[in-house]
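Within every chain, numbering begins at 1; the chains are lettered A, B, ... in the order of the sequence lines, protein sequences first and strands thereafter. Just so it is clear, the model here is predicted, and its values are computed rather than measured.
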Protein chains: 2
Amino acid sequence: MIDASRPGPSRAAGAASPLFLRDAEVRRGIELLYFGYASMIRGADRILAERGLGRAHHRALYFIARRPGLAVSDLLRLLAITKQSLSRVLADLVRHGLVESRVGEEDRRQRRLRLTEEGAELEAELFEALRERVAGAYAQAGQEAVSGFWAVLTGLIPPQDRALVLSLDRDPRGRRESAGG
Amino acid sequence: MIDASRPGPSRAAGAASPLFLRDAEVRRGIELLYFGYASMIRGADRILAERGLGRAHHRALYFIARRPGLAVSDLLRLLAITKQSLSRVLADLVRHGLVESRVGEEDRRQRRLRLTEEGAELEAELFEALRERVAGAYAQAGQEAVSGFWAVLTGLIPPQDRALVLSLDRDPRGRRESAGG
DNA sequence: CAATATAGGTCAATATGATTGACGCATCTC
DNA sequence: GAGATGCGTCAATCATATTGACCTATATTG
């Protein structure tokens with residue numbers, strides 16, 4: 001009977017692969033990722049519930065805060081959901097006065113999204129809930145561990161998607177919204 | 001106006017906190033965790049969709065594979081969902097012939113869960129999809145990075161939940177189901 | 001200018017995964 | 001026997017997502 005510690009298909013049991021590639025280590029990674037992610041966002045969930053919002057709203061708020069002035073299509077790419085799903089979420093956020101959309105100056109088909117002052121306040125509160133946990137874990141684990149943490153996670157993202165994720169880190173003031181224009 | 005690179009509330013801008021605790025580093029962690037987790041499970045989602053199953057079914061299968069013979073209440077604790085939600089998922093899995101539940105030998109109120117042969121095959125296929133990605137990321141990042149990855153994620157989990165997660169690693173053959181009995 | 005492509009919004013119908021709170025039954029423990 | 005526990009189930013509801021078609025406004029290209 002197959003059990004959880006079986007060798008994977010197409011791999012011999014005690015083969016040459018390093019210790020940290022064995023099933024037990026892989027399962028450990030899967031589980032820590034699952035529970036770690038869930039733990040990280042638990043606090044934010046509580047804040048959202050008070051306002052009648054959900055995780056979908058949080059994700060949109062987060063990325064709009066991160067890249068002010070981004071277009072709807074950018075957000076669709078980041079969230080990897082359908083237009084219809086996003087559309088409801090954005091409508092909620094606009095109705096709550098947390099997000100506003102302006103016609104793009106260069107391309108008037110686009111709707112550039114940004115947080116209102118109230119939206120920025122909520123996003124800050126949500127971010128603070130995540131920051132507490134993440135900064136705590138960083139401090140506990142140490143800087144070198146953090147580098148390893150980033151390295152493994154980056155490796156999990158397929159190369160063709162990596163640029164999109166890493167691009168969030170560049171140009172953090174969303175200069176594009178006012179640059180050339 | 002508040003933007004994404006603002007200093008957090010109650011912290012001075014260029015204060016003494018180490019570089020890796022700044023907002024930029026925290027945001028990087030949040031984003032890598034989000035996209036890394038999503039990337040990891042994407043492959044499994046495809047396999048599940050072929051069978052008309054969803055992520056909820058996968059999570060249940062995973063933990064049943066990991067701790068064969070676990071009770072419904074154990075699974076509830078791990079998944080942190082309500083009895084009603086789990087009950088539908090488990091009913092689906094039993095109906096598909098992937099999971100079977102037997103009355104507990106020691107405590108006949110319990111239902112001990114285990115995978116059928118077909119369930120074990122599906123779980124192995126799903127695990128393989130995750131394993132590929134995780135082992136690839138481990139290999140790319142190196143053993144030391146993997147330790148850091150674990151350390152940070154462990155730190156994200158609140159101490160009172162940590163034991164539960166780490167307990168998955170012990171007694172991996174699910175000995176309890178046949179030991180003493 | 002005409003044709004086509006793109007950005008975005010919206011329609012209707014549907015699926016999945018989750019919730020709350022109550023209730024019943026079998027079984028275990030005291 | 002009383003009470004606690006493990007489990008299953010009821011009904012109603014919510015949040016998040018899907019597909020595919022269709023529309024408008026605007027941009028691009030021949």
TODO: Remember a base hit wins even if backbone is also touched, and classify A:Arg88 as base, sugar-phosphate or nothing at under 4.0 Å, heavy atoms.
DONE: base
Open item on the list: Is there a side-chain contact between A:Ser87 and the phosphate of C:dG9, meaning an N or O under 4.0 Å from OP1 or OP2?
Closed with: no
Open item on the list: Strictly below 4.0 Å, N to O, side chains only: are A:Arg95 and A:Asp92 in salt-bridge contact?
Closed with: yes
Task: Nearest-Å distance for atom pair CD1/C1', residues B:Ile41 and C:dG17 - done: 14 Å
- [ ] Please confirm whether the backbone N or O of B:Leu166 pairs with a side-chain atom of B:Asp169, one donor and one acceptor, at under 3.5 Å?
- [x] no
Open item on the list: Considering every strand and a 4.0 Å limit on heavy-atom distances, what is the contact class for B:Ser85: base, sugar-phosphate, or nothing?
Closed with: base
TODO: Check the distance between C:dT29's C1' and B:Glu106's CD and give it to me in whole angstrom.
DONE: 15 Å
- [ ] Verify, without hydrogens or angle tests, whether A:Arg111 (side chain) and A:Val72 (backbone) share a donor-acceptor contact under 3.5 angstrom.
- [x] no
TODO: With B:Arg27 as the cation and A:Tyr62 as the aromatic partner, state whether NZ or CZ is under 6.0 Å from the six-membered ring centre and within 45° of the axis.
DONE: yes
Task: B:Asp107 or B:Gln84, whichever maps to the more 5' nucleotide of DNA chain D - done: B:Asp107
Task: Protein-nucleotide distance (B:Lys83, atom NZ; C:dA22, atom P), rounded to Å - done: 13 Å
Task: Value in whole Å for how far the P atom of C:dT27 lies from CZ of B:Arg109 - done: 10 Å
Open item on the list: If you assign each of A:Val72 and B:Leu86 to its closest nucleotide in DNA chain C, which residue comes earlier from the 5' end?
Closed with: A:Val72
Open item on the list: Whether A:Arg112 and A:Glu105 form a salt bridge (side-chain N of Lys/Arg under 4.0 Å from carboxylate O of Asp/Glu) is what I want to check.
Closed with: no
Task: Euclidean distance, atom NE2 of residue B:His96 to atom P of C:dT16 [Å, nearest integer] - done: 10 Å
Open item on the list: With a strict under 4.0 Å distance from non-hydrogen atoms of chain A, what nucleotide opens and what nucleotide closes the contacted stretch of DNA chain D, reading 5' to 3'?
Closed with: D:dT16 to D:dA27
- [ ] When you get a sec, tell me which of C:dG9, C:dA18, C:dT20 is the closest nucleotide to the side chain of B:Thr82?
- [x] C:dT20
- [ ] Report yes if a side-chain nitrogen or oxygen of B:His57 is closer than 4.0 Å to either non-bridging phosphate oxygen (OP1 or OP2) of C:dT16; otherwise report no.
- [x] no
Task: Trace of the salt bridge (Lys or Arg N to Asp or Glu O under 4.0 Å) decision for A:Arg51 with A:Glu118 - done: CA-CA 13 Å; A:Arg51 307 240 190 173; A:Glu118 199 191 333; 3.8 Å; yes
Task: Heavy-atom pair of closest approach, residues A:Phe35 and B:Ile157 - done: CB-CD1, 3.8 Å
Open item on the list: Distance check needed: C:dT16 P versus B:Leu79 CG, whole Å only.
Closed with: 18 Å
Task: Nearest-angstrom distance from the residue atom CD of A:Glu105 to P of C:dA7 - done: 18 Å
